[in-house]
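Structure record follows, encoded as structure tokens.
Every number for a ligand or one of its atoms is a count from 1 in the order of the listing. Keep in mind that what you see is a predicted model, and the values were worked out from it rather than measured.
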Amino acid sequence: MCGIVGYIGPRDATPILLDGLKRLEYRGYDSAGLAVINARNEIEIRRDAGKLSNLRQRVAEAPTNGHIGIGHTRWATHGPPTAYNAHPHRAQDGRIVVVQNGIVENFLPLRQELMAQGYAFASDTDTEVIVQLIHREFTQTEDLEEAVRRALRLLQGPSAVVVLSAYEPDRLIAARLGNAGAVVVGYGEGEMFLASDIPAILEHTRRMAFLENQEMVVVTREGARYSTLDGELIPHKEIITIPWDSVSAAKGPYRHFMQKEIFDQPNALTDTIRGRIDFVTGEVALPAANLTPQVLQRIERVTIVACGTSYYAGLMGKFYIERLARLPVEVDYGSEYRYREPIIDERTLFIAITQSGETVDTLAAMEEARRHHAFLLSIVNAVGSQAARVADGVIYMQAGPEIGVASTKAFTASVVDQLLLAMYLAQQRGLMDPAASLELAHELALLPQKLGHVLAMDEDIRKLGIAYANYQDFLYLGRGLQYPIALEGALKLKEISYIHAEGYPAGEMKHGPIALIDETMPTVAIAPRDHVYEKMVSQVEQVKARRGRVIAVVNPEDHVIAGKADDLIVVPEASPWLLPILTVVPLQLFAYHIAVWRGADVDQPRNLAKSVTVE
Ligand code: AGP
């Protein structure tokens, strides 16, 4: 989820690039940079790790002046967020620079090929391969557009690329390969813009065109010429007028970041799975976790520590790791862990789950684990965050920045990451047969598509939410793998709509909560067809017997509960391991629509913060 901006026109490019990068700030970043061609036809680059303010400081110390340039903010997924890894990356002659959003999946063989041809590399990134390839092709074609075309055809994986060159200083060239995110072409008066998202350039123009997959564009001050990557001219490209203001544009067509992030989950889960499981063998690879055979041979138990939604994700991890890898797992709150003198040592795999990577209670628990020589593994979304830096190994959620205070895509991504981890541990411990691995790999491959079917129910769930929006208390019930989902569903409702909601293991109902049930307290019963389905049927009957209303989350063709519940949310069939991902999303939407209907501040609920960095 990197940010890209480009400009060519009569104005000074640098402030336009910096402002554009600022408007992409919601995408999050851990390094930023820009390149401008100056009056002496030299490319000047300024870049730095950290916040955009660091780049502004570099530019203030050494101003750049020119009328054509490109800028980039990096949401690193591979390689540390350092200055030398920040984009733009330059060819070794310094006369071609590139910024990229996406992944060059075959960058290693390409890098080796280029090194064998005498190219030296100055970064760890895959992006640098692109600019050296373009340089190599340019030395043969002496035509920048053709050189870019030839180079990009060698790439595998999704990429959005923008090229600036002192060889042809009157143009920018951009291309889009696969689903690497948008390439937006902005039409100004005597000036043109490029961006990875609308907000970056919306203050300058509302007239925009969008590159499709496998398309290129050459942009000059006068306009833009489109073609396919194969060189076929695209004579007409639709230019649309964007109706949004710049703030709302960051959300795209969504009203809130939370809504955008709920609907981003098919992409986020695709990204968190990508490259981590072989869909032919079912084998899982988590190189950045550093769980080497030497480490694993000493691991006898697992401790998972997190807060809030991440803690509920950890409860899922307990099921996965105990069932698949046969390692005992305890799960604890970050705020409790360090105060109970936990039993932990070098035989413990200590897993911190944290979207922000900055939650102080989770970080403090990590320090406690460190003191006792446990192996620290972080499952974290924010690259370069504290939890990522202090751990011995990392599994990045790769869900893209999560802006809404209520966590959604980070929850589902961290659940999938823990399933991958459990599979990895089981495979390394020789406890998982290839057939079982392959079946789960197949299920994971189908997951984003099934999520799409769930998201397609949004309007029905909105209506259901409005029908229940005036109740003041809810009970959420689930068993087994659906118990953490009951907890998470209740948290979503209470934290954004301010309605009291409790998640409970369904079997516990008769030990207390059932006293609460009456017609004023609806129950959400999560009852897909898994190994405890029959138990859930009787739970629903118990609630109905006390005049409680029941919203049941079920699978298709469920005629048993359908005849008892007042309302149904039907989610697709799936492996019991993955059903929780399908059952949690309707509960996210249910909470979202109730909160919107009640006029709550969905993205910034009262009293809450996106990252709790204080005790
Ligand atoms: C979840 O919707 C809440 N915003 C909150 O519980 C959050 O999950 C918790 O603060 C942990 O945050 P982290 O994942 O960034 O550590």
*Whether Thr359 side chain and Thr362 backbone form a donor-acceptor pair below 3.5 Å*: no

*Nearest protein heavy-atom contact for atom 4 (N) of ligand 1: which residue, which atom, what distance?*
Val405 O, 2.7 Å

*Hey, are Asp458 and Lys463 close enough for a salt bridge, meaning a charged N less than 4.0 Å from a carboxylate O?*
no

*asked:* For atom 9 (C) of ligand 1, what is the closest protein heavy atom, and at what distance to 0.1 Å?
replied: Cys307 O, 3.7 Å

*Nearest heavy atom to atom 2 (O) of ligand 1 wins, so pick from Lys494, Glu358, Glu495.*
Glu495

*Ring centres under 6.0 angstrom apart (Phe319, Tyr483)*: no

*Do Ile395 and Arg276 have side chains that get closer than 4.5 Å, going by heavy atoms?*
yes

*Atoms of ligand 1 less than 4.0 Å from Ser407 heavy atoms?*
1 (C), 2 (O)

_Near-ring test His372/Phe350, centroid separation under 6.0 angstrom_ = no

*Run the ring-centre check on Phe263 versus Tyr254 and record whether the distance is less than 6.0 Å.*
yes

*Whether Phe590 and Phe474 hold their rings parallel, tilted or perpendicular, with breakpoints at 30° and 60°*: perpendicular

*Below 4.0 angstrom from a heavy atom of Ser310, which ligand 1 atoms are there? Numbered from 1 as shown, please.*
8 (O), 13 (P), 14 (O)

*Closest non-hydrogen protein atom to atom 10 (O) of ligand 1, residue and atom name please, with distance?*
Val612 CG2, 4.0 Å

*Looking at Lys492, which atoms of ligand 1 are within less than 4.0 Å of one of its heavy atoms?*
1 (C), 2 (O)

*Examine the proximity of ligand 1 to Thr309 and report which part, side chain or backbone, both or neither, has a heavy atom under 4.0 Å away.*
both

*Any atoms of ligand 1 less than 4.0 Å from a non-hydrogen atom of Ala406? List them with their elements.*
2 (O)

*Which protein non-hydrogen atom lies closest to atom 13 (P) of ligand 1, naming both residue and atom, and how far is it?*
Thr359 OG1, 3.3 Å

*Say whether, by atom type as modelled, one donor and one acceptor occur between the side chain of Asp345 and the main chain of Arg347 under 3.5 angstrom.*
yes

*Closest by any non-hydrogen atom to atom 6 (O) of ligand 1: pick that one out of Gly357, Gly308, Pro605, Gly334.*
Gly308

